Each structure stands twice: as structure tokens, then as C-alpha cells.
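Following: one structure in C-alpha cells, then a few remarks.
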Amino acid sequence: IADCQCNVGYSGPANNTDCVACSYNTYKDTVSNQDCEPCAEHQITLQQASDQASDCICDEAYYHVPNEPPGSCEPCQPGTYKNVAGNQDCDPCPENSNSSLASDQLVDCICVPGYTGENGGTCTICPVDDWCPGGTANYDCPENADSDRGSDALIDCYCPKGYEGPDGSNCTLCEPATFCFDGISYECPSHADSPAGSENITFCECNAGYYGQYTNPPNFTCFGCPVASYCPGHFQIYPCPANASSPSHSDNITDCSCIAGFHGPGTQPCVYCTEDQYCINGTLAFCPPNSSSPAGSDSATDCSCNQGFYGQNGHTCFPCPVDSYCLGGTEALPCSPHGNSPIGSDEATDCTCNAGYQGNGTYCDLCPVASYCQAGIPTQCPAHSTSIAGSDSVLDCTCNQGFYGPDGGPCQQCLDGSDCPGGTIIQPCPLSFYCVNGTTNPCPLNSTTQFPAIFRHECNCSAGFQGLGQPYTCL
């Protein structure tokens, strides 16, 4: 019995009548009482009493590399798994999943970042607005943030256009007068505005009263609306209608008003102000009665009184008063002293000199002696008559001495033997005088007449005197 030895697959001590089957994961390929040999690392046996090295196979999660010696088992590579013992290759994980080195279960296959699904199951791409770090996880992006399909990290969540905030954080709506993209807020150009949530500069529009011009498209600058224009905003600028204007920074056609001298609503071409009117702030007004203005007048003070009237420009015009003349305007010009005119006179020639004065009305002189003046015109007294200065009627003309007749003539030469002191009087030649050819002559000294005398020789020496010589003298 001492010569008995354990068969292959069994081991036992020498001289022992009992042989024990090789345990799992060992083998013995010789007849002997030696111990069973352990399988190589990462190998196992499927049964006891294994009797050859080939009974050792790769354990789960390991595979035999082709063309390598028996006993060479390599771990399953990432993205594969092997859940049975054997020397076959590892099975690949489902699409878009991965596993760690030496994975031995299908559930060791977890979805790669950017995908989500049950471990070992189907992995679907991470939907938009979510992020999937891998495995079964699927997280919403922060408030108002977006992400692309297949995002795998919180930092992949970004603010959409119209919102601002850093990647991976909550996003806030872009404020008015700004625009936001890539999570960054930018201000609109000066004097421009935009609604909340604007996405780019094209959402910015110049405010009313401004207009835009491109500087480096799409960038632009807003300029104040110039005078005589209106700008409703954005890039729009319109001229006011013809002959209308507006202040700078106007934003509506209703800001246009007719310029001075024109009238109308300002929203349409303005009409030229005609004569005897004035136009201010687009409103047509008429000059006061008895005044006039040139076409295109723009103020009430352009209305001046017509000829024959006077008054302040733009106010009531009064009829020119008597003894004055009015050329139009503010003044009533007086006629010359001693001149006169009727009410409403409109030129200097309307002035006439008062009775007893001569001239053209702008100057009047006292009517000269031996004349009478009416309406400024002097007329000589009739023959052999005279008048005092300032006479105004032919009746002021009285016959000269030596003549007689009614006032105003005709005057007749005084009859011989009669005395005519002037005017209407004719009387007998007085004593001590002799009257001839209208002349009353005194008798010589110390002589007299007895009756109206005509000749000198009719003068006789008074009592106590006698005459000598021719003509004689009474001594």
C-alpha cells in the first residue's frame, strides 16, 4: 500500500490511504501525493479535482488574451464587462456607456457624461436645458439657463440671449436699455432704449427725439434731432413740411409749426401770409381796421395805420384829427400854424391856410396889405382900394383916400369939389380946402373958402389979410 499514490486531480499525504480531490481553483496533473497547484492569478476552476492546468479558466471580469500562454488573464478594459468565468472576450457595454477596469456585471456599465439612463441599460443623450454628469443622473440647468444636447457639466449651462449671468448659475432677464448675449450685459448706445430681454444691439432703438446712424454696423450712434425736423426714434428722421420748423429733439410732426410769416397747422405745407395780415406761431390774424401790413408779416406791430389814420402799430387806428394830416403810421402831423384840415386828412396838401393867411398849408403867412386871402390864396384888392394885413374877404378892401365906393369896390375917383377920405364916404370939400382930382388940399395960410372949392384960387384971404403975387400969399 505504500506504493499507492494519489491520482491526478487528487492530493494527499504520503502513505495515506485517503486522497483528497483538488479544491476549487487548484489542479494536479500528475500521479503523486503532492499538493494541488493553484490556478494562475485571476483564474478559477469550475469543479473540484481538476487535473490539468487547462481546467483553470479566467475569472469573471477577466479574459484570455489570444496568442498568450495559458494562465494569462487580463482585466476587462473600460467599456467592457464579463460576468461569467471563461477565457472568452469581455462583452462591450451598451452604446454611450462605460465601465471601470475589470468590470464583472452589466450594471457596471454606466452612461458616460452627456448621457443618462439606468446602469447597464440604454443611454440617451442628455436633453437640452439639462446636464448629465453620467450614470443615471439628469439635472435641470439653473433658472432661465439653457444647455445644448449632450451637456455633461453644470458649467455647460449658459444664459440664453436676452439673459445675463455666469455659466452654471441662475440667469436674470436683461434690463431695459441693455442687450445680453453670452451671459454678458451690454448697454445700448447713449439716448437709445431696448425692451427687457433684448438679445443684441439691433433691439436697441434711438429714443424719440433722436435718430441713429451706423458707425460700424451693427453699431450705431444716436444724434439729437436737428431743428426743422422730427425724429420718432430708431433711425428715422423727417423734415418738417415746407415753411415749417421745430425745436431740436422734436419727436412728432405735431412739433412742427409754421415759421414767422406763414400760417397753417404745421403738419402740412404752410401758407404765406398775405397783405393786411400777420402770421405768428402758425396762426393767421388780421390787422386792426384802417391798418395794413406787407405780405409775410409775422407780428401785430407790422400792421401800421393807413394814410388818414394814426396810432401805435398793431393797435387801434384813429382818424387823423382836424388841423393835421396823417401819412400813415404812428404820427399825426400838424398843419402849419394858421393852417387847417378836415378830419381824416392823409397828406400835407390837405392842409389849407386859415382865412387871412396865404401859403400851401404847411406854411401860412399873414395875408399882405391890400390883399385878402382865402384858402391860402392871396387876391389883390380891387383897384384904388386897400386892406389891412390878414384880411380874409374882399369886403375888407376899402377905397383909398380920394376914392369912394362900397367895401370890396368898385372905387370911383372922388368928384371935384368933394372930399373922399377913403371907404364909402364922399362929402363936400370942407371950408379952407379945395378938392380936385380926388385930392383935398388946404388953402394957403390965412385964407379960406366960402363954399366947396375945386381950385386954389377959390381960396380968399381971411379978414384982415390981403393976397400978393401969383400964387399969392395972404399977409
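Please read these numbers as outputs of a predicted model, since none were measured by experiment. For the single chain, residues carry numbers from 1 onward in sequence order.
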Please check this pair: side chain of K28 against backbone of N7, looking for a donor-acceptor N/O pair closer than 3.5 Å. yes
Okay, side chain of D302, backbone of D298: is any donor-acceptor separation there less than 3.5 Å? yes
Close aromatic pair by centroid cut-off 6.0 Å: Y230 and Y238: yes
Strictly distance-based, threshold 3.5 Å: is any side-chain N or O of D59 a donor or acceptor partner for the main-chain N or O of H42? no
Identify all side-chain donor-acceptor contacts of residues 252-273 below 3.5 Å with residues at least two apart in sequence or on another chain.
unit_1, atom_1, unit_2, atom_2, d
N252, OD1, T254, N, 2.9
N252, OD1, T254, OG1, 3.0
D255, OD2, D251, N, 3.0
D255, OD2, N252, N, 3.1
Y272, OH, A295, O, 3.4

Output for pair (I237 CD1, Q213 CD), nearest 0.5 Å, gives 8.0 Å
Atom pair SG/CD of C111 and E95 - distance to nearest 0.5 Å: 11.0 Å
Aromatic ring proximity, centroids under 6.0 angstrom, F235 and Y211: no
Main-chain N/O of E118 paired to T136 side chain as donor or acceptor, under 3.5 Å: no
If you count every heavy atom of other residues, nucleotides or ligands that lies below 6.0 Å from I388 atom CD1, does the total exceed 12? no
If we ignore hydrogens and angles and just use 3.5 Å, is the side chain of Q77 paired with the main-chain N or O of P75 as donor and acceptor? yes
Rounded to the nearest 0.5 Å, how far does OG1 of T178 lie from CG of D193? 9.5 Å
So, the side chain of S198 versus the backbone of N200: is there a donor-acceptor pair under 3.5 Å, distance only? no
Show me the donor-acceptor pairs within less than 3.5 Å that the side chains of residues 363-380 make with the rest of the protein, sequence neighbours left out.
unit_1, atom_1, unit_2, atom_2, d
Q374, NE2, D392, O, 3.1

For Q88, I'd like to know if atom CD has over 12 heavy atoms of other residues, nucleotides or ligands within 6.0 Å. yes
Could you label the plane-to-plane angle of the F220 and Y214 rings as parallel, tilted or perpendicular, counting under 30° as parallel and over 60° as perpendicular? perpendicular
Quick check on the 6.0 Å ring-centre criterion: do Y278 and F286 meet it? no
Modelled atom types, side-chain donor and acceptor of D182 and Y158, under 3.5 Å: no
Kindly confirm or rule out an SG-SG distance below 2.5 Å between C58 and C73. yes
Per the ring pair (Phe, Tyr, Trp, His ring centres under 6.0 Å) rule, which among Y186, F203, Y163 passes with F179? Y186
